[in-house]
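To keep things clear, I will list the structure first and then write my remarks on it.
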Amino acid sequence: AAEMQAKVENVEIVNSAIESEHERAGGVCGDATYAAFNNVSFQGTVYTTYVTKEAKSGGFIGQAADGSSFTNCSVDVVLVVKSNDAGGFVGKVIESATFTGCKVKAQVTSYAAAKNRVGGFIGWNSSLKTVLKDCHVLEGTTLTDKSGRVESNNGNYGGLIGFGDMDEAVLEITGCSAAADIDGGVSAYNSTFIGCVGY
């Protein structure tokens with residue numbers, strides 16, 4: 001699969017508005033597998049009205065999957081979601097992905113009333129191996145719960161990662177920072193860095 005890897009390089013997207021009624025919505029890409037992004041930036045809004053369970057919405061990408069990599073990429077996004085799994089950069093990571101030198105400034109507002117997972121960088125990390133190196137959630141980032149959910153419906157808010165779970169998962173974080181202002185409402189787990197990791 002390595003020989004067939006897609007490459008996206010030196011792309012700047014500005015003043016963009018994305019509206020989606022389905023899952024896997026992102027400013028640059030909905031879903032990536034065996035894809036490499038280098039020096040790609042997005043500035044704009046991502047608005048999803050999908051209300052059934054996991055939408056996987058991100059300022060840059062909805063879902064990052066096996067072998068995807070992101071180097072020197074950046075996001076300046078207003079992200080509004082009505083279902084689970086929202087991240088300033090990526091909604092959900094599965095299998096494996098690497099993020100190096102990426103930056104996020106995001107205003108994330110979630111109306112999801114179920115087991116919401118919201119992060120400044122990653123909403124839901126459910127991969128066997130995720131590597132984050134020199135990635136930063138910048139000042140001015142806000143994560144806000146507007147669900148009106150009851151406490152029993154859970155919820156996870158984290159400045160870097162909202163929720164991390166997976167048996168035998170490997171999560172490597174080096175030289176990263178998060179400066180997010182978080183209002184997780186009655187969410188069970190709120191943190192400036194990772195809302196909940198592991199079970």
Side-chain angles (χ1 to χ4, degrees), residues 1-2 5-6 23-26 28-38 52-73 75 79 81 83-104 106 108 110 112 114-137 141 143 145 153-180 182 184 187-199:
Q5 186 179 56
E23 60 178 345
R24 300 181 202 174
V28 176
C29 184
D31 191 312
T33 302
Y34 297 118
F37 296 82
N38 181 34
T52 306
K53 296 184 179 178
E54 304 167 12
K56 302 178 265 291
S57 305
F60 192 97
I61 182 170
Q63 179 171 277
D66 203 7
S68 54
S69 65
F70 306 82
T71 306
N72 297 329
C73 294
V75 173
L79 176 63
V81 299
S83 58
N84 302 343
D85 312 328
F89 195 94
V90 52
K92 185 177 183 181
V93 181
I94 63 171
E95 294 154 347
S96 66
T98 302
F99 305 87
T100 307
C102 296
K103 294 180 174 65
V104 175
V108 184
S110 173
K115 293 182 179 179
N116 203 2
R117 295 163 282 242
V118 178
F121 199 92
I122 299 172
W124 183 11
N125 185 74
S126 187
S127 74
L128 289 173
K129 185 170 183 180
T130 296
V131 178
L132 287 158
K133 184 176 180 182
D134 298 323
C135 291
H136 303 281
V137 177
T141 294
L143 310 178
D145 183 290
N153 276 344
N154 211 319
N156 307 270
Y157 280 74
L160 188 74
I161 299 172
F163 188 70
D165 79 318
M166 189 73 174
D167 287 344
E168 302 176 8
V170 175
L171 178 61
E172 294 182 3
I173 302 173
T174 308
C176 298
S177 67
I182 301 168
S187 295
Y189 306 105
N190 298 289
S191 173
T192 53
F193 206 63
I194 301 175
C196 179
V197 61
Y199 282 128

How long is the gap from [atom1] on [X] to [atom2] on [Y], to the nearest 0.5 Å?
| X | Y | atom1 | atom2 | answer |
| --- | --- | --- | --- | --- |
| N125 | T130 | CG | OG1 | 3.5 Å |
| I61 | K56 | CD1 | NZ | 12.5 Å |
| L132 | F99 | CG | CZ | 6.5 Å |
| I161 | I122 | CD1 | CD1 | 4.5 Å |
| Y189 | I194 | OH | CD1 | 14.0 Å |
| S191 | L160 | OG | CG | 9.5 Å |

Just wondering, do F70 and C135 contact through their side chains at under 4.5 Å, heavy atoms?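 Side chain of C135 against side chain of F70, heavy atoms only: no contact under 4.5 Å found.
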
Do S110 and Y157 have side chains that get closer than 4.5 Å, going by heavy atoms?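 The answer is yes, as the side chains (C-beta and beyond) meet within the 4.5 Å cut-off.
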
Nearest heavy-atom pair of [X] and [Y]: which atoms, and what distance?
| X | Y | result |
| --- | --- | --- |
| G159 | A180 | CA-CB, 4.0 Å |
| S177 | H136 | OG-ND1, 2.6 Å |
| G120 | V137 | C-CG2, 3.8 Å |
| A55 | S83 | CB-OG, 2.6 Å |

Listed by chain and number, what are the side chain to side chain contact (heavy atoms under 4.5 Å, CB included) partners of L128, not counting sequence neighbours?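 Result, side chain to side chain contact (heavy atoms under 4.5 Å, CB included) vs L128: M166.
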
I'd like to know whether C102 forms a side-chain contact (heavy atoms from CB on, under 4.5 Å) with F60, so could you lay out the CA-CA distance, the side-chain angles of the two residues, the decisive distance to 0.1 Å, and finally the verdict. CA-CA 11 Å; C102 296; F60 192 97; over 6 Å; no

Just to verify, what does [X] make a side-chain hydrogen bond (donor to acceptor under 3.5 Å, both in side chains) with, not counting sequence neighbours?
| X | value |
| --- | --- |
| T33 | none |
| S187 | R149 |
| D31 | R24, Q63 |

Is atom CZ of F193 surrounded by more than 12 heavy atoms (other residues, nucleotides or ligands) closer than 6.0 Å?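 Check passes, neighbour count above 12.
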
Counterpart residues, salt bridge (Lys or Arg N to Asp or Glu O under 4.0 Å), relative to K129 (two or more places apart):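 By the salt bridge (Lys or Arg N to Asp or Glu O under 4.0 Å) rule, K129 matches E172.
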
Ignoring hydrogens and geometry, is there a side-chain-to-backbone donor-acceptor pair from S68 to A35 under 3.5 Å?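 No.
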
Show every donor-acceptor pair shorter than 3.5 Å between a side-chain atom in residues 84-96 and any protein atom, with sequence neighbours excluded, or say none if there are none.
unit_1: D85; atom_1: OD1; unit_2: R117; atom_2: NE; d: 2.5
unit_1: D85; atom_1: OD1; unit_2: R117; atom_2: NH2; d: 3.2
unit_1: E95; atom_1: OE1; unit_2: D66; atom_2: N; d: 2.8
unit_1: S96; atom_1: OG; unit_2: D66; atom_2: OD1; d: 2.9
unit_1: S96; atom_1: OG; unit_2: G67; atom_2: N; d: 3.1

